[in-house]
Amino acid sequence: NAGVTQTPKFRILKIGQSMTLQCTQDMNHNYMYWYRQDPGMGLKLIYYSVGAGITDKGEVPNGYNVSRSTTEDFPLRLELAAPSQTSVYFCASSYHRGRYTEAFFGQGTRLTVV
Amino acid sequence: ILNVEQSPQSLHVQEGDSTNFTCSFPSSNFYALHWYRWETAKSPEALFVMTLNGDEKKKGRISATLNTKEGYSYLYIKGSQPEDSATYLCAEAGGTSYGKLTFGQGTILTVHP
């Protein structure tokens, strides 16, 4: 089972460049999330989606955009990369229908902006 | 409490010790409380999802309790082993938007042989 797949695993960007972090899941989960992990700060929610066509901001959405055109895919777009976006990014998904089940995480994308 | 908060931030114990951590969360609009175990260089993996006040869950030497009225959950590890060393995260589903899964900053556990 593939679960949650993130690509790329590593990336170095120059300031001002753009990129898209890809996330896909094959578990038919309705909920998907993007988090960033900064040292000593735990996981901060960037954006989340409760189903195809529905997205909402988390705690730290500035500088990012998302879309959810299908149940499987939830890409995260960085338009103008800044050094403050250097972080490890995790995509996650979960299934909710009346009660919550656990979230499954991708392997993470380590992004460095120089 | 406005955010999900965990304490302590880090903990060092000896092999064989029992230990516990706390997760505090906003008690209004609560929906579910998750616990995750996160090993270095890996992805977080779920331990428990708890929804009802008074819930108690157990997996091997690890157990958790939930008090939704006062907004806290405890995670217990009995007889800690070096392989228990990890960051333990709690997350709340609920608040003003029940679709959000909001994490605390984690408790870093180090078990010394």
Side-chain angles (χ1 to χ4, degrees), chain A residues 1-6 9-10 23 25 27 29-61 66 68 74 88-110, chain B residues 2-10 21 23-26 29-52 55 57 59 62 64 66 68 73 86-109:
Chain A
N1 289 335
V4 179
T5 303
Q6 284 182 241
K9 286 187 170 55
F10 304 94
C23 176
Q25 52 93 7
M27 297 174 281
H29 285 173
N30 47 355
Y31 282 55
M32 295 189 75
Y33 312 85
W34 274 106
Y35 292 91
R36 58 178 285 171
Q37 185 236 339
D38 299 318
M41 300 295 289
L43 294 171
K44 294 290 187 184
L45 182 64
I46 306 172
Y47 271 95
Y48 67 104
S49 169
V50 301
I54 306 169
T55 63
D56 207 348
K57 295 177 181 178
E59 303 168 76
V60 289
V66 294
R68 184 98 182 266
F74 190 43
V88 181
Y89 292 83
F90 285 95
C91 178
S93 72
S94 65
Y95 183 71
H96 170 59
R97 186 174 181 177
R99 63 181 292 273
Y100 273 95
T101 58
E102 65 195 82
F104 291 82
F105 285 80
Q107 292 299 105
T109 297
R110 186 174 294 275
Chain B
L2 299 177
N3 298 310
V4 179
E5 298 172 356
Q6 292 186 246
S7 63
Q9 196 167 1
S10 64
F21 334 126
C23 174
S24 302
F25 53 88
N29 298 318
F30 170 84
Y31 205 87
L33 193 284
H34 297 216
W35 281 101
Y36 291 83
R37 182 171 180 274
W38 191 7
E39 292 181 73
T40 303
K42 294 187 177 180
S43 304
E45 292 186 345
L47 289 170
F48 307 113
V49 177
M50 308 169 78
T51 57
L52 299 176
D55 252 356
K57 301 240 176 174
K59 185 181 289 188
I62 304 176
L66 178 66
T68 61
S73 175
T87 298
Y88 290 83
L89 297 167
C90 70
E92 187 209 10
T96 56
S97 175
Y98 78 97
K100 284 174 60 176
L101 192 59
T102 303
F103 282 84
Q105 75 276 28
T107 293
I108 303 170
L109 173 67

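Everything quoted here is computed from the prediction, not taken from an experiment. Letters A, B, ... are given to chains in the order of the sequence lines, protein chains preceding strands, and every chain is numbered from 1. In what follows, every heavy atom counts, from backbone to side chain, and hydrogens, waters and symmetry copies are set aside.
Listed by chain and residue number, E39(B) satisfy the salt bridge (Lys or Arg N to Asp or Glu O under 4.0 Å) test with R37(B) (two or more places apart in sequence, or in another chain).
In this structure, the side chains of F105(A) and W38(B) stay at 4.5 Å or more apart for every pair of heavy atoms.
Here the closest heavy-atom approach between residue H34(B) and residue T101(A) is recorded as CE1-O, 3.5 Å.
Looking at Y35(A), only its side chain comes within 4.5 Å of chain B, counting heavy atoms on both sides. With a 4.5 angstrom heavy-atom cutoff, F48(B) does not touch chain A via any of its atoms. With a threshold of 4.5 angstrom between heavy atoms, L43(A) approaches chain B through its backbone and through its side chain. In this structure, no portion of Q6(B) lies under 4.5 Å from any heavy atom of chain A.
Rounding to the nearest 0.5 angstrom, the gap separating the CD atom in E59(A) from the CZ atom in F103(B) is 10.5 Å.
Note on S10(B), A46(B), P44(B): by heavy-atom pairs under 4.5 Å with chain A, the leading option is P44(B). No other option in A92(A), G108(A), A103(A) has as many heavy-atom pairs under 4.5 Å with chain B as A103(A).
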